[in-house]
Amino acid sequence: MRRIPNEVSCSSGRRIALLLALALLLPGCGGKPSWSEARCRGQARQLAVRATSMVRHYGGTTVYPADMSYLGFRDGLILFEQGHCAPRELGGALRRDLTAPQRATFLRLLPGTVAGKVRRALSA
């Protein structure tokens, strides 16, 4: 019977451990949302509420400017993206809550980078 040197068995053991670790970790890197679909939908609904608020505030029907609503939208969009949520969730929520003219106003109110993200979501 031939004996396997320790170096080889340790190396093989490390390879197996590495392969197992990769097998466990890589599925999380496959583009799947790190948030659940329900959480993404909820965040998209909150963003749509912020968008509606921004449009309403821009119209001058409230006592404070649209800035606060924009900051809430911007911060919520950052979270939405960090959660790896599908843009179609946001687009659907915005289409449900805002009319076409309201969406156009909303897009005009946004800085270019954010407006681009919203446009992509609306077209998804």
Side-chain angles (χ1 to χ4, degrees):
M1 179 174 213
R2 187 171 173 193
R3 189 169 179 165
I4 300 173
N6 285 341
E7 299 85 37
V8 174
S9 64
C10 285
S11 178
S12 297
R14 286 185 188 135
R15 273 191 219 135
I16 291 171
L18 178 62
L19 289 174
L20 286 174
L22 288 174
L24 292 173
L25 294 175
L26 285 179
C29 299
K32 294 182 180 180
S34 59
W35 285 1
S36 68
E37 285 185 37
R39 185 169 180 190
C40 286
R41 265 193 310 277
Q43 183 70 9
R45 281 193 299 268
Q46 289 176 2
L47 287 167
V49 168
R50 294 287 186 179
T52 302
S53 177
M54 246 180 100
V55 171
R56 186 176 54 240
H57 285 52
Y58 176 75
T61 58
T62 62
V63 294
Y64 61 92
D67 299 9
M68 297 303 293
S69 296
Y70 166 69
L71 293 174
F73 182 85
R74 182 200 63 194
D75 294 348
L77 183 60
I78 290 168
L79 292 173
F80 185 81
E81 291 172 331
Q82 287 174 344
H84 301 284
C85 298
R88 73 182 176 328
E89 291 287 349
L90 175 58
L94 291 172
R95 283 190 296 276
R96 278 188 297 277
D97 284 18
L98 298 171
T99 64
Q102 288 173 323
R103 289 193 301 271
T105 298
F106 177 60
L107 286 167
R108 281 193 306 271
L109 293 172
L110 296 172
T113 306
V114 177
K117 292 175 182 183
V118 172
R119 279 190 186 90
R120 283 189 292 281
L122 287 167
S123 66

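Reckoned from all heavy atoms, side chains included, excluding hydrogens, waters and symmetry mates. Please read all numbers here as calculations on a predicted model, not as lab measurements.
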Requested in this report: Any chance you could lay out the side-chain contact (heavy atoms from CB on, under 4.5 Å) test for L79 and Q82, step after step, and finish with the verdict?
Outcome: CA-CA 5 Å; L79 292 173; Q82 287 174 344; 3.7 Å; yes
Report task. Would you check, one step at a time, whether the test side-chain contact (heavy atoms from CB on, under 4.5 Å) holds for M54 with L110? Result -> CA-CA 10 Å; M54 246 180 100; L110 296 172; 3.9 Å; yes
Report task. Please assess V118 against F73 for the test side-chain contact (heavy atoms from CB on, under 4.5 Å), listing each intermediate value before the final yes or no. Result -> CA-CA 11 Å; V118 172; F73 182 85; 3.8 Å; yes
Report task. Any chance you could measure R45, atom CZ, to Q43, atom CD, to the nearest 0.5 Å? Result -> 10.5 Å
Report summary line: One should read off an interatomic distance between F80 CZ and W35 CH2, to the nearest 0.5 angstrom, of 8.0 Å
Query raised in the report: How far does CG of L94 sit from CZ of R103, to the nearest 0.5 angstrom?
Result: 8.0 Å
Query raised in the report: For G91 and L122, which heavy atoms make the closest approach, and how far apart are they?
Result: O-CD2, 3.8 Å
Query raised in the report: Between atom CZ of F106 and atom OG of S53, what is the distance when rounded to the nearest 0.5 Å?
Result: 10.0 Å
Report task. Is it possible for you to say whether V55 and L107 belong to one hydrophobic cluster, with membership spreading through side-chain heavy-atom contacts below 4.5 Å? Result -> yes
Query - Counterpart residues, side-chain hydrogen bond (donor to acceptor under 3.5 Å, both in side chains), relative to T52 (two or more places apart) - result: none
Report task. List in chain and number order the residues that pass side-chain hydrogen bond (donor to acceptor under 3.5 Å, both in side chains) with R108, two or more places apart in sequence or in another chain; answer none if no residue qualifies. Result -> T105
Requested in this report: Not counting sequence neighbours, list each pair that qualifies as a salt bridge (charged side-chain N to carboxylate O under 4.0 Å, His left out) and has a residue in residues 76-90.
Outcome: E81-K117
Query - L71 side chain near R74 side chain, heavy-atom distance below 4.5 Å - result: yes
Query raised in the report: P111 versus T113: any side-chain heavy-atom pair under 4.5 Å?
Result: no
Report summary line: In short, A93 meets A48 closest at the heavy-atom pair O-CB, 3.6 Å
Query raised in the report: How many angstroms lie between atom CG of L47 and atom SG of C40, to the nearest 0.5 angstrom?
Result: 10.5 Å
Query raised in the report: Are V49 and Y70 in one and the same hydrophobic cluster, where Ile, Leu, Val, Met, Phe, Trp and Tyr link if side-chain heavy atoms are under 4.5 Å apart?
Result: no
Requested in this report: Indicate yes or no: at least one non-hydrogen side-chain atom of H57 is less than 4.5 angstrom from one of S69.
Outcome: yes
